[in-house]
Amino acid sequence: MRLTGKRKPTLDGLMASYGELALRAIPGALRITLWGSDGQVAWSSGRFADVGSDDAEPAPDFSAAQFDPLTVSLGSGLFSVGVPAALDGRLVASLSVLMNCRSHEHQAELVADIVAQAGPLLDCFARELSQFGRKEPQPATLSERNEELEWLFALTESLHSNSNDPRAINHLMGATVERLKCCFGAVVAPEHGIDTIHASLVHIDIHAENVFERCRPYLFDFVQRQRQTLVANKVPAGTRVAPFKWLLVPIQPRDNRLLGYIALFKQATRPNFGRSHVFLARQVGHQIGTLLESQYDHATGLLTRSAFEDDIRRMVEGMPADAEHALFYLNIDHLRMINDTLGFEAGDAAIIAVADLLRAPTLPENAICSRLGGDNFAVFIANADRSRASGIATALLARAAERGIGSAKPALPLSLSCGIALLRAAPFEIISELNAAQLACASAKQQGGNRQEIYAEVDHLPLAGELHGANELREALRESRFCLYGQKIISAGGVEPRAIECLLRMLGSDGNLLLPQEFFPGAQRHQLLKAIDRWVIQRTLREAEPHRQLLMAAGLVLAINLSTQSVQDDSFIKDIARWVRSSGVAPQLLRFEIAESAAISNMARSERLIRRLREMGSGVALDDFGAAINSLSYLKCLPVSCVKIDASLTKELPLGGRHDVIIETIAQLARSRNIECVAECVESAETAERLKDLGVGCLQGFLVHKPEPLRNLFVALRSRADSSEPQRIAQ
């Protein structure tokens, strides 16, 4: 559903588009011809070379104003069916379909089928044709526009408080249909599985839904081709479907992404759609697009984590407190191996294949499914005891194994690890239960994968260690037993640093220094990452404040990592802005790094956070870039200032293969959008040279600089500035 650009529609292009649609709609045709109003062939396509010349079919007689289909026998079983298209009581085009059938009885059936297929197509064509040279509808008066805006603001405020409610789109569509005095409305977003219709309770018309269903393929074709609003107030004469006025609006929250469309129908006797209606419909389309992106992962169509949790809470409301439920945590086995051996396209295909499995009949109809990020998925099944949950998991793993990954023969089977947490009492804490399912999934993976584990049956010794680690983390936060290290980022081919990434270390109770990978997993599971982020930001600002003039003169920025838990908190940006203002450190000296997996877990929220950080004056980097599905599309739609290529791509670069192509593509796209590109984990001169050749602008890794205490870097910066001062004065 993506187009590379927006083209101004042309009449030739319109004819060709509808000719191609007719070929798909009438697969048995030997030839299809579209005639223009001048009686000349505007578009034609033959299925067989021996059909003959265009003279084999008679040109339509536009002067006769014949609005009914016309069948002409051409001999040898060939016959032509001409179906006219009318607009404002005049013929504007005609569709000729050449067929072969020796049976008169079957010929009559074929003609009826052709007319049934061509009728809605030509009605859509005539309405779209009316866009050429049409006059703009009259603008609304000032009082009308004020009233419309008040209605829109009230609706937006209501949606904001219920943004994760799956019924929000239904409510929005119903309000729009009644407000615009339509008889019918529909929202279609195929990637998200959204197909919602709403019939008016006031302006009732029993034919509207049937007309929509007949014209559905052509409406979707229009938004894919033109990506613009279609206002069809003119009802074609001699129409073969019930006459309605149409308003078609693409759902397109971002410039490069088309999610679907809104269709609104009015009876032909009601007033036209005007400019104010178009304005409101477009705003509603934007609202629906925002709702879709906040509720659904756009790569798989599954719920985002926040929408997943909200749906669970709504489902269990009103259920008996002792009802049993099951929560699944799923992870793809050996995804790294799939990416490395079969390519990232195969890894992407594996992720999409799992999303396709998470639906009926493998899962119950009321199952709630989410992509948590990367190759992690969650499923909630209500009213499921241990036996039912285990049976569903067994069927799911078996169905997955039937799916082949890659084009090689035999294909690599899709393997999943599944952890199950059984929920026996409401209310329950979803995050804690999901952590339990994740631990069970880790146990299944440790035992070779392609299996299920139930949390109650998993050895709890690892859990005891996790709880101990969580308590130690809390003590470390209270006692401020953390310290900051820094690692330089330099220009490819240069030596002077462009940035310093602030890296966290923790001093254990035994006095040993711990790396992040030793305490971050526990901090994530016990929701402590946001508290750690607060400590890192405030300490970085405190240590940088005395050196802010030196940092500004050297053109250095300090890069600070933000966790998923901070990104998902809408209030966190307010805290950041307050800390920066009170510190005296210029926002331009800061760059916040957000992991790609964290950004895509809730695209709408991430985009808001990134925009506010950029508006504040700080940079934003998309970290671990290139490891997820559709990475390049995220770069086009998230307003970041920097991308950091994932270490998995950089480390494998010396081995050759397709990694260099991926890195070069990322570098080219970043350069075209004026975004800085950094390669992480550069550990050899060979890798550094290759990255430079591929167009990567900056390097980070042990080859460039081994991390050292941040204060030492500031002291060295001060010493270098002091030593250069006498030379500057002497000059």
Side-chain angles (χ1 to χ4, degrees), residues 154-175 187 189 192-198 287-288 290-297 300-330 358-360 362-372 376-393 396 419-438 440 454-456 525 527 565 568-571 601-602 604-605:
L155 191 63
T156 302
E157 186 176 355
S158 172
L159 288 172
H160 182 72
S161 60
N162 298 283
S163 60
N164 285 327
D165 189 341
R167 298 163 295 183
I169 291 177
N170 300 45
H171 296 331
L172 179 55
M173 202 62 211
V187 178
H192 298 305
I194 300 296
D195 200 328
T196 300
I197 61 174
H198 185 93
Q287 294 285 354
I288 289 177
T290 302
L291 285 172
L292 289 175
E293 293 210 322
S294 66
Q295 292 180 14
Y296 297 92
D297 168 53
T300 61
L302 299 179
L303 292 172
T304 60
R305 178 165 182 161
S306 58
F308 174 71
E309 294 176 4
D310 288 339
D311 273 16
I312 293 174
R313 294 187 185 97
R314 273 189 290 271
M315 177 172 279
V316 300
E317 282 181 7
M319 287 187 173
D322 59 349
E324 294 182 281
H325 314 293
L327 186 62
F328 292 12
Y329 190 100
L330 301 164
L358 300 183
R359 63 188 63 189
T362 309
L363 298 182
E365 289 284 355
N366 65 344
I368 303 174
C369 306
S370 170
R371 182 188 177 205
L372 302 176
N376 299 315
F377 302 83
V379 177
F380 178 83
I381 301 175
N383 297 315
D385 57 13
R386 182 194 179 286
S387 176
R388 184 175 183 230
S390 180
I392 292 172
L396 179 60
I420 305 174
L422 299 174
L423 289 55
R424 293 187 171 86
F428 44 78
E429 181 56 52
I430 297 174
I431 293 177
S432 298
E433 301 297 344
L434 199 57
N435 289 340
Q438 184 179 6
I454 297 178
Y455 173 71
R525 274 191 280 272
Q527 300 295 300
Q565 294 168 14
Q568 292 179 349
D569 184 354
D570 281 334
S571 65
S601 64
N602 190 323
R605 185 172 291 169

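What you see is a predicted model, and the numbers here were worked out from it, not measured in a lab. Start at 1 with the first residue, then count along the sequence.
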Reported [atom1]-to-[atom2] distance for the pair [X] and [Y], which is rounded to 0.5 angstrom:
X      : Y      : atom1 : atom2 : answer
Arg314 : Asp311 : CZ    : CG    : 5.0 Å
Asp385 : Leu422 : CG    : CG    : 8.5 Å
Leu303 : Phe308 : CG    : CZ    : 8.0 Å
Met315 : Ile381 : CE    : CD1   : 10.0 Å
Leu423 : Tyr455 : CG    : OH    : 11.5 Å
Leu327 : Gln438 : CG    : CD    : 11.0 Å

Charged N-O contact under 4.0 Å between Arg313 and Asp310: yes
Note: Arg305-Glu309 ion pair, threshold 4.0 Å (strictly below): yes
Does some side-chain heavy atom of [Y] sit less than 4.5 Å from a side-chain heavy atom of [X]?
X      : Y      : answer
Phe377 : Leu358 : yes
Thr304 : Ser370 : no
Ile368 : Val379 : no

Can you name the nearest heavy-atom pair linking [X] to [Y], along with the distance?
X      : Y      : result
Ala378 : Leu434 : CB-CD1, 4.0 Å
Met319 : Ala382 : CE-CB, 3.8 Å
Phe328 : Ile392 : CE2-CG2, 4.0 Å

Any donor-acceptor pair under 3.5 Å from Arg388 side chain to Asn383 backbone: yes
Backbone of Leu396 reached by a side-chain donor or acceptor of Thr362 within 3.5 Å: no
Stepwise side-chain contact (heavy atoms from CB on, under 4.5 Å) test for Tyr329 and Ile420: CA-CA 6 Å; Tyr329 190 100; Ile420 305 174; over 6 Å; no
Pair Arg371-Asn376, side-chain contact (heavy atoms from CB on, under 4.5 Å): steps then yes or no: CA-CA 6 Å; Arg371 182 188 177 205; Asn376 299 315; over 6 Å; no
Polar contact flag, side-chain donor to acceptor under 3.5 angstrom, Asp569-Ser571: yes
